[in-house]
Asks: 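Please read through the structure below; I'll follow up with questions.
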Amino acid sequence: MNRTRRICSSLVFKALLLIGLAALLASIVVVVLSAVLERYDRNAHAQAQGLALANASAAALTPALLSKDDAVVEQTRRRLTEQTGVLGLRVLSPDGRVLFPKTKNQTRYKDQGFTRAVRTGHASIQVRGGVLYSSVPLFENGRLSAVIRHSYDLTLNQASLLALIIKNTWRGLILLGVAVPGGLLVFIRLMSPLAALNQAAAQAAAGDLSVRLEISNNDELGELSSNFNTMLERLKSNFDRTRWLAYGDSLTRLANKTAFNEQLQKYVRLDRPPGALLLIDLDGFKRFNDAYGQEEGDRILTIIAQRLRKVLAAYAPKFAAAAGKARPLLARLSGDEFGILIPGARSAPEIQSMANAILDEIAAPIDLSGHNACLSARIGIALYPHDAGDARNLLTSVNFAIDEAKKNGGATWCFFEPSMSQKAIRRMTLQNELRRAMRENEFVVHYQPKIDVREGTIAGCEALVRWQQPSGKLVGPGEFIEAAEESGLIREIGDFVLEESCLAAARWEEAGYNCGVAVNVSALQFASNDFTQAVFKALDRAGLPPSKLELELTESVAMTNPERMLEQIGPLREKGVRFAIDDFGTGHSSLAYLTRLPFDVFKIDQSFVQSMTEDKHARVIVQTVLAMAESLGYRTVAEGVETREHFAFLQLHCCDYVQGYYFAKPMVEAELVSMLAAEKENLTRAETPSFAEAI
Ligand code: C2E
Ligand code: MG
Ligand code: MG
């Protein structure tokens, strides 16, 4: 039904209908016109025939009339009357009387034809009621002697108009036969530019703006085609500009995240050729941005983009054969994150080689106003459809891979493995559990004594968080700190430990025990703007003297943003809060730089302490750190002291404090308090200090 309606309303149909109607009308006109003309022609012919017959009759009668023999005249007249079409033949006297046939009726002919013939002496005709009346004058010795009055039936040879129309219909049919195909030919020639225009417009409407019309005529249609082409060019340039604004990254001139995601949706499907997704994250780019300013930061990103382009240009041809029509795409996805989608890439060694080339390019020094900046990056790699059959899951997979690369340190790449997502699920479950534990107050603080090596007394303690599960199981921080850091929950946990520790230390102070507390500070906690205020608040609320509080930061926290660190710890140090570098020696920081930071204590990492007895290098490191701390005026704490040998070595090299299972494991507050009480009692009785035996 719809199709019929569409055909009926189409221009071609209307034009064909018009041509058909015009041809039909023209045929009818031709048929009627030819019928009328034929009728007229036949009439004229009949008149001529009638007149000729009249003249012949006059010629035939003349000798009879000259003979003056009435019988001969009458006989000739009768013979002539019998000719076909002749209605009557009379011989009239010049005054109009009927001489032959003889009649008694004496009426005289005075009609126009007769009178004109008598007057002019020439034959005259008159047509009336389908009859041709001819008057032919006859002369005898130059004198008008008679007039032959001849009547001839004109209708004899005539057909009706309808009969003539029917007879002439073949002419109409021929005309129709010629006019319709001819009209069609002309129409098709006229319509072909219009059809091309229509087709081009349909293509443009379907999104192909590259279509152009061929201009072969100089007429209005040619002008229309040329205008159409100009319109498409403008449209395309506007479209390209809009597309660039929507899909381009103005800084690096690469594609942006929107474009990248669209391409992912298009290519990462089971029915498309396989490929790889590389996610590249610059390590510590923020540090460069902060140190050199945003302008230089932008320059770094532009240079990195150029280098990535170079690597992609070198590697893309290797994957092109398996990529079909799909093209590789390089995009900047966020500040310092880039993505490369390479359809056709499925050979792990080739992809690894490309990832290494990227790492090398990124590692090449960048000249920043006279300084050489050396960057590194980590790369997550996921293959499709092997690792994920759609864009969303592929992105999740590649993010797992980049997280893993992050864990393995910077300047590295990592392929996605299914175990990563299982780990991630476990991590998410753990994070939810931790949130619940926080709400249910399941976190508790244990304290591990720090022993003064010279005195053999408890000089303080380190607060260490534990998760007391409803089942009764006590979970150590090693199992949840990382998940708490990832989820940001570490801030709440850290605040809780800080407040609890300050309150506990204040209670010990009030009870007369000389025992400060050291609290671990996470990177997130330290990065928050209100860190300094939060520490002052905890001290105030507990009423603890700042000198009784020590805060432990790891090397990496201290080195992430040294300027900011100084701002954060300055006011606290002024009030007497001490700062320790925890796990000293494990963070790969510049020793020269580290020792310039305003810290009070180095906590030598337990990995060195525990391997000291077997590993010469560890021994040298511990020895060096202790010597360096002594000459620079830092206090030292050795953690993880498990044996008498550990302790003996540390004592020999003048370590100030020791902490470890050899003396005491982390314990609940009550246990520590009874330990402090026992020690105080011993001291008042001037007996040997509690740990003297161990020492
Ligand atoms: P850390 O700050 O280096 O703490 C010392 C770790 O060494 C503690 O482990 C402690 O129980 C353990 N330790 C002490 N002596 C010995 C020993 O002789 N042998 C052995 N093998 N280990 C010993 P713990 O309590 O499991 O804590 C592990 C880490 O978790 C801490 O390392 C610290 O980085 C973090 N942590 C603990 N509590 C908190 C907290 O409240 N906040 C933050 N941010 N981190 C915490
Ligand atoms: Mg610590
Ligand atoms: Mg430590």
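As the structure lists them, so they are numbered: ligands from 1, and atoms in each ligand from 1.
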Asks: Would you say atom 15 (N) of ligand 1 has a protein heavy atom nearer than 4.0 Å?
Replies: yes
Asks: Determine the sole option in Asn256, Leu301, Ile280, Ile304 for which the side-chain contact (heavy atoms from CB on, under 4.5 Å) test with Arg332 is passed.
Replies: Leu301
Asks: Using distance alone, with no hydrogens and no angle criterion, decide if Thr636 and Asp656 have a side-chain donor and acceptor under 3.5 Å apart.
Replies: yes
Asks: At a 4.0 Å threshold, what atoms of ligand 1 neighbour a non-hydrogen atom of Glu642?
Replies: 17 (C), 18 (O), 19 (N), 20 (C), 21 (N)
Asks: Within less than 4.0 angstrom of ligand 1, does Glu485 place any heavy atom?
Replies: no
Asks: If you round to the nearest 0.5 Å, how far is NZ of Lys603 from CD of Glu639?
Replies: 4.5 Å
Asks: Identify, by name, the N, O or S atom of Glu462 lying closest to the Mg ion (ligand 2).
Replies: OE2
Asks: Under 3.5 Å, N or O to N or O, is Gln659 touching ligand 1 that way?
Replies: no
Asks: Hey, which N, O or S atom on Glu639 ends up closest to the Mg ion (ligand 3)?
Replies: OE2
Asks: Is the closest heavy-atom distance from Gly640 to ligand 1 below 4.0 Å?
Replies: yes
Asks: Using side-chain contact (heavy atoms from CB on, under 4.5 Å) as the criterion, point out the one residue from Leu359, Leu279, Ile402 that pairs with Ile379.
Replies: Leu359
Asks: Under a 3.5 Å distance rule, please check whether Arg578 uses its side chain to pair with a backbone N or O of Ser547 as donor and acceptor.
Replies: yes
Asks: For Phe608 and Phe584, I'd like to know if the aromatic rings sit close, meaning centre-to-centre distance below 6.0 Å.
Replies: no
Asks: Report yes or no: does Asp583 have an N/O/S atom closer than 2.8 Å to the Mg ion (ligand 2)?
Replies: no
Asks: Do Asp495 side-chain atoms and Ala534 backbone N/O form a donor-acceptor pair below 3.5 Å?
Replies: no
Asks: I'd like to know whether ligand 1 has Pro666 as a neighbour, heavy-atom separation below 4.0 Å.
Replies: yes
Asks: Just to be sure I read this right, does ligand 1 sit under 4.0 Å from the backbone of Val497, its side chain, both, or neither, counting only heavy atoms?
Replies: side chain
Asks: Among Val609, Asn520, Thr554, which residue places a heavy atom closest to atom 34 (O) of ligand 1?
Replies: Asn520
Asks: Mark up the atoms of ligand 1 that fall under 4.0 Å of a heavy atom belonging to Gln610, in ascending order.
Replies: 19 (N), 20 (C), 21 (N)
Asks: With a distance cut-off below 6.0 Å to the six-membered ring centre and an angular limit of 45° from the axis, does Lys665 pair with Tyr661 as a cation-pi contact?
Replies: yes
Asks: With atoms numbered from 1 as shown, which atoms in ligand 1 lie under 4.0 angstrom from a non-hydrogen atom of Gln448?
Replies: 10 (C), 14 (C), 15 (N)
Asks: Classify the ring geometry between Phe288 and Tyr292 as parallel (under 30°), tilted (30 to 60°) or perpendicular (over 60°).
Replies: parallel
Asks: For ligand 1, which atoms sit closer than 4.0 Å to a heavy atom of Asp583?
Replies: 3 (O)
Asks: Taking 4.0 angstrom as the limit and counting only heavy atoms of Asp582, give me the atoms of ligand 1 inside it, by number and element.
Replies: 1 (P), 2 (O), 3 (O)
Asks: On a heavy-atom basis, I'd like to know which of Ala484, Pro477, Ser522 is closest to atom 29 (C) of ligand 1.
Replies: Pro477
Asks: For atom 26 (O) of ligand 1, is the nearest protein heavy atom under 4.0 Å away?
Replies: yes
Asks: Round to 10° and report the angle made at the Mg ion (ligand 2) by OD2 of Asp582 and OE1 of Glu552.
Replies: 90°
Asks: Does Arg635 pair with Asp600 as a salt bridge, N-O distance under 4.0 Å?
Replies: no
Asks: Which is it for His446 and ligand 1 at heavy atoms under 4.0 Å: side chain, backbone, both or neither?
Replies: neither
Asks: As an exercise, identify every atom of ligand 1 less than 4.0 angstrom from a heavy atom of Gln606.
Replies: 6 (C), 7 (O), 12 (C), 13 (N), 20 (C), 21 (N), 22 (N), 23 (C)
Asks: Which part of Gln525 is near ligand 1, with near meaning a heavy atom under 4.0 Å away: side chain, backbone, both or neither?
Replies: neither
